[in-house]
Structures are given as structure tokens and as C-alpha cells.
Amino acid sequence: METKGDHSTRSRPDNPVEELYASCRGLAFSIAYRMLGAVSDAEDVVQDVFADMAGRDLSEVRNRKAYIAKWVTNRCLNILQSARRTREAYPGEWLPEPLAASGEQPDELAERADSLSYAYLVMLERLTPVERAVFLLREAFEYDYEEIADIVGKSVPNCRKILSRAKEHARTPSPSAPAGEAARMRSALVTRFVAAFQHYDVEALLELLAEDAVLITDGGPHVRAAMRPLTGQSRVMKLLSSRKTFAAMRHSPPIITDVNGEPNAVYLDQGAIRAVCCFMLTPDQERILQVYIILNPDKLDHLARKQGS
């Protein structure tokens with residue numbers, strides 16, 4: 001007869017890699033997703049990293065989080081270097097893949113909303129792969145410079161310079177996810193925007209958009225979209241209020257739901273996800289500064305899978 005003590009002993013993972021996977025999978029995905037801006041690619045990196053660890057002696061690993069971060073970051077750096085030409089040849093603007101609110105990142109540090117917001121991911125696209133790695137590891141995951149230097153294979157002084165350069169390249173303050181009353185204000189503003197968009201309400205759009213508003217669309221090779229960002233309130237409003245543009249998004253009102261940790265709009269057509277509209281607000285949370293419309297179906301598969309599960 002199996003005693004309670006025997007059961008608890010047997011239920012413990014005998015494989016150190018399995019134990020590491022159970023405790024650090026969320027952290028690994030969080031780093032990979034922020035580095036790559038693609039859910040499926042991030043999931044592949046996590047699986048590949050832990051598969052490569054099988055059979056390795058992990059007894060000498062003292063800092064598990066730093067160890068995982070090093071493996072994941074370097075794998076992502078390799079992917080980003082090889083993907084550069086692909087993204088340069090991408091038709092139109094390349095936007096990150098939106099992430100469904102799924103609670104699949106249990107690590108509290110990795111789950112920080114301010115580094116998960118969609119506007120934050122767009123900001124990261126301005127950085128080189130190494131700048132992005134150093135910026136994320138320091139600003140989002142709070143690794144010290146000695147750990148970062150070991151992870152990216154640079155000296156501590158060099159990492160400090162890279163971070164300074166990354167902040168300059170980012171140009172704007174890192175967009176922060178609102179909380180409390182600010183989050184409610186954001187939700188109300190997004191709701192007003194999608195209603196104005198749905199009804200071609202020019203006056204309401206003018207009231208909601210900042211004067212220096214920017215609209216970026218991503219249709220990829222499948223859906224027709226603007227090839228370049230549109231800048232300025234009048235240009236953005238004109239496109240949004242056109243009855244010919246984005247007609248497929250107006251079949252039914254969107255669902256306002258958490259995407260990348262914030263209220264954003266998901267557009268459905270006969271139950272299928274056709275578009276996701278994400279926003280960056282002005283610092284006072286009173287107007288919309290940037291609008292991102294993701295139309296490429298390849299980047300909506302993850303949301304569709306979450307919806308169907």
C-alpha cells in the first residue's frame with residue numbers, strides 16, 4: 001500500500017529539466033515574447049531551450065532565472081538577426097503579434113504590465129536586437145548589470161552604454177499600463193473611440209484623437225493596409241472615417257477585452273477574429289496618441305485559439 005509520504009516523494013519531478021520548466025517556463029516565455037513580438041515564435045523558443053537542456057548537468061546552476069534568461073535571450077538574438085531581412089521585405093509596417101490575456105505567465109516579475117502593453121512592444125521595434133535585450137533585462141526584468149553582461153556576452157561598462165543608447169533610440173518614455181482610475185479612464189476612452197469609428201462619427205474622432213496622432217496598420221501579405229504610418233489628426237481621422245476603408249471591421253461592434261494587459265478592441269466577423277485594434281494614450285490619458293490595427297491573419301491565430309479554447 002502506498003503511503004502518503006511515498007506518494008509525495010514520487011510526485012516530485014525526478015528530472016531537473018522538468019522541474020526547471022515547471023518553475024521558469026513563465027519567465028522564459030515572457031522574455032521571448034517581448035524580444036520577438038510573436039507568440040508562436042516565443043513558444044517555439046521556450047520548447048527548444050528546454051529540449052536542449054535535456055541531459056545537461058544542472059547541479060551547478062545557482063541562479064536559475066539568470067541561467068534561463070541567458071539561454072532564451074541568446075536564442076532570440078539569433079532569431080532576430082536572421083529575421084532582419086525578412087522584416088525588411090515585409091509588405092508595409094510590421095507590428096507585434098497581440099497577446100491574449102491568458103494568465104500563462106505566472107512569474108510576478110515577468111508579468112509586469114508596463115512591459116507587456118502593446119505600445120511598449122511597438123517601442124521596442126526601434127531598438128537593435130542587442131539594445132532590446134539589454135533594455136528589457138534591465139528595465140523590465142530588473143537584472144543587475146553583471147548578470148546582463150554575462151547573458152549578452154558584453155562587459156558591464158558596454159552594457160551601460162548600450163542601455164543609454166537604447167533609451168535614446170526609444171525617443172519617447174516607455175508607455176506604462178494604467179491602473180485603478182486610469183485603467184477605467186482608458187476603458188471608457190477606448191469604448192468611445194470604437195463607437196465613433198463604428199458610426200463614422202467625424203466630430204467624435206476629432207475630439208478623441210490627439211493632434212499628433214499616428215495610425216499604423218499591419219495587413220502583411222494577406223490583407224490590404226496602409227503601407228506607411230499616417231501622422232496627424234486630420235489624416236488619421238480621414239482614413240478612420242472613410243466608408244471604404246476597414247469596411248470588414250464594421251460588420252459588428254467589437255469586443256472590448258484585455259489584449260496585452262490593457263483594454264483593446266477585438267473585431268469579429270461570423271465568429272472569426274478579423275482585426276485587433278490597440279491604443280497608446282497621451283500621458284494624461286485623455287486622448288488617443290497612437291492607433292495600431294493588426295489585420296494580418298497570421299498574427300491573430302493565437303487569439304483565435306484562445307477564443308476557441
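Every heavy atom of this structure was used, including side-chain atoms; hydrogens, water molecules and symmetry mates were not. Quick caveat: nothing in here was measured; it's all calculated off a predicted structure.
- Taking the side chain as every heavy atom from C-beta outward, D298 and H222 approach each other to under 4.5 Å.
- At most 12 heavy atoms of other shown residues, nucleotides or ligands fall within 6.0 angstrom of atom NE2 in H199.
- Cation-pi check for R250 over F197 is met; the charged atom lies under 6.0 angstrom from the ring centroid and within 45 degrees of its normal.
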Q) Going through the distances and angles, do T231 and D212 end up as a side chain to side chain contact (heavy atoms under 4.5 Å, CB included)? A) CA-CA 6 Å; T231 303; D212 53 346; 5.7 Å; no
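- Across all their heavy atoms, A170 and L127 have their closest contact at N-CD2, 4.0 Å.
- For the pair R287 and Q233, the minimum side-chain heavy-atom distance is below 4.5 Å.
- No side-chain donor-acceptor contact under 3.5 Å links N158 to the backbone of K154.
- Looking at heavy atoms from C-beta onward, P98 lies in side-chain contact with V276 at the 4.5 angstrom threshold.
- In terms of modelled atom types and a separation under 3.5 Å, the side chain of S164 and the main chain of R160 share no donor-acceptor contact.
- Across all non-hydrogen atoms, the minimal contact from A42 to F29 is CB-CE1, 3.7 Å.
- Both tests do not hold together for R138 against F135: distance to the six-membered ring centre under 6.0 Å, angle to the ring axis within 45°.
- Checking side-chain atoms of T217 against main-chain N and O of L295 turns up no donor-acceptor pair under 3.5 Å.
- Geometric assessment of R243 against the ring of Y200 yields a positive cation-pi assignment under the 6.0 Å and 45° thresholds.
- To the nearest 0.5 Å, atom CG of residue L80 and atom OG1 of residue T128 are 9.5 Å apart.
- Ring centroid separation for the pair F279 and Y292 does not come in under the 6.0 Å cut-off.
- At least one side-chain heavy atom of Q81 sits less than 4.5 Å from a side-chain heavy atom of P129.
- Contact between M227 and P91 at its shortest, heavy atoms only, is CE-C, 4.0 Å.
- E207 places no side-chain N or O within donor-acceptor distance of the main-chain N or O of A204, the cut-off being under 3.5 Å.
- Side-chain polar atoms of Y67 and D150 form no donor-acceptor pair below 3.5 angstrom.
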- Take V291 and V214, measure what side chain to side chain contact (heavy atoms under 4.5 Å, CB included) needs, and give me the verdict at the end. CA-CA 6 Å; V291 182; V214 177; over 6 Å; no
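- The backbone N or O of I79 lies less than 3.5 Å from a partner atom in the side chain of S82, making a donor-acceptor pair.
- The shortest side-chain heavy-atom distance between M249 and I293 falls under the 4.5 Å cut-off.
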Exercise. What do the steps show when you test L99 against V259 for side chain to side chain contact (heavy atoms under 4.5 Å, CB included), and what is the final call?
Worked result: CA-CA 6 Å; L99 178 67; V259 176; 5.9 Å; no
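- D301 and P297 make their closest contact through OD1-O, 3.2 Å (heavy atoms, listed as atom of the first residue, atom of the second, distance).
- Nearest heavy atoms, R25 versus V46: CG-CG1, 4.0 Å.
- I294 and L215 fall into different hydrophobic clusters, where Ile, Leu, Val, Met, Phe, Trp and Tyr residues are linked whenever their side-chain heavy atoms come under 4.5 Å apart, directly or through other members.
- Q198 and P254 make their closest contact through OE1-CD, 3.8 Å (heavy atoms, listed as atom of the first residue, atom of the second, distance).
- Interatomic distance, I273 CD1 to K299 NZ, rounded to the nearest 0.5 Å: 15.5 Å.
- In this structure, M53 and Y21 have side chains that are not in contact, with every pair of non-hydrogen atoms separated by 4.5 Å or more.
- R126 contributes no side-chain N or O that, together with a main-chain N or O of H169, makes up a donor-acceptor pair within less than 3.5 Å.
- Counting only heavy atoms from C-beta outward, the side chains of P253 and V194 never approach each other to under 4.5 Å.
- Between atom CG of residue L289 and atom CD of residue E211 there is a gap of 11.5 Å, rounded to the nearest 0.5 Å.
- Checking side-chain atoms of S23 against main-chain N and O of L20 turns up a donor-acceptor pair under 3.5 Å.
- By the criterion of side-chain heavy atoms lying less than 4.5 angstrom apart, applied directly or through intervening Ile, Leu, Val, Met, Phe, Trp or Tyr residues, I148 is grouped together with M35 in one hydrophobic cluster.
- Expressed to the nearest 0.5 Å, how far CZ of R186 lies from CG of N264 amounts to 5.0 Å.
- Judged by distance alone, with hydrogens and angles left aside, the side-chain atoms of Q290 form no donor-acceptor pair with the main-chain N or O of A119 at under 3.5 Å.
- Separating the OG1 atom in T257 from the CD1 atom in I255 is a distance of 7.0 Å, to the nearest 0.5 Å.
- Checked by atom type, the side-chain pair N63/E147 shows a donor-acceptor distance below 3.5 Å.
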Using side chain to side chain contact (heavy atoms under 4.5 Å, CB included), reason through D41 and Y33 one step at a time and then give a plain yes or no.
CA-CA 8 Å; D41 289 347; Y33 173 65; over 6 Å; no
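- No path of Ile, Leu, Val, Met, Phe, Trp and Tyr side chains, each step under 4.5 Å between heavy atoms, connects I216 with F193, placing them in separate hydrophobic clusters.
- In this structure, N260 contributes its side chain and L116 its backbone to a donor-acceptor pair below 3.5 Å.
- In this structure a side-chain-to-backbone donor-acceptor pair under 3.5 Å is present from Y118 to P96.
- Here R132 pairs with E125 in a salt bridge; the nearest charged N to carboxylate O distance falls below 4.0 Å.
- Taking hydrophobic clusters as Ile, Leu, Val, Met, Phe, Trp and Tyr residues chained together by side-chain heavy-atom distances below 4.5 Å, V190 does not share a cluster with Y120.
- Around atom CD of E146, more than 12 heavy atoms belonging to other residues, nucleotides or ligands sit under 6.0 Å away.
- Note that CE of M123 is 8.0 Å distant from OG of S117, once rounded to the nearest 0.5 Å.
- In this structure, a donor-acceptor pair under 3.5 Å is present between the side chains of D218 and Y90.
- Considering only heavy atoms from C-beta on, L163 comes within 4.5 Å of E139 through its side chain.
- Placement of V223 and L230 within a single hydrophobic cluster is found when ILVMFWY residues are connected by side-chain heavy-atom separations under 4.5 Å, directly or transitively.
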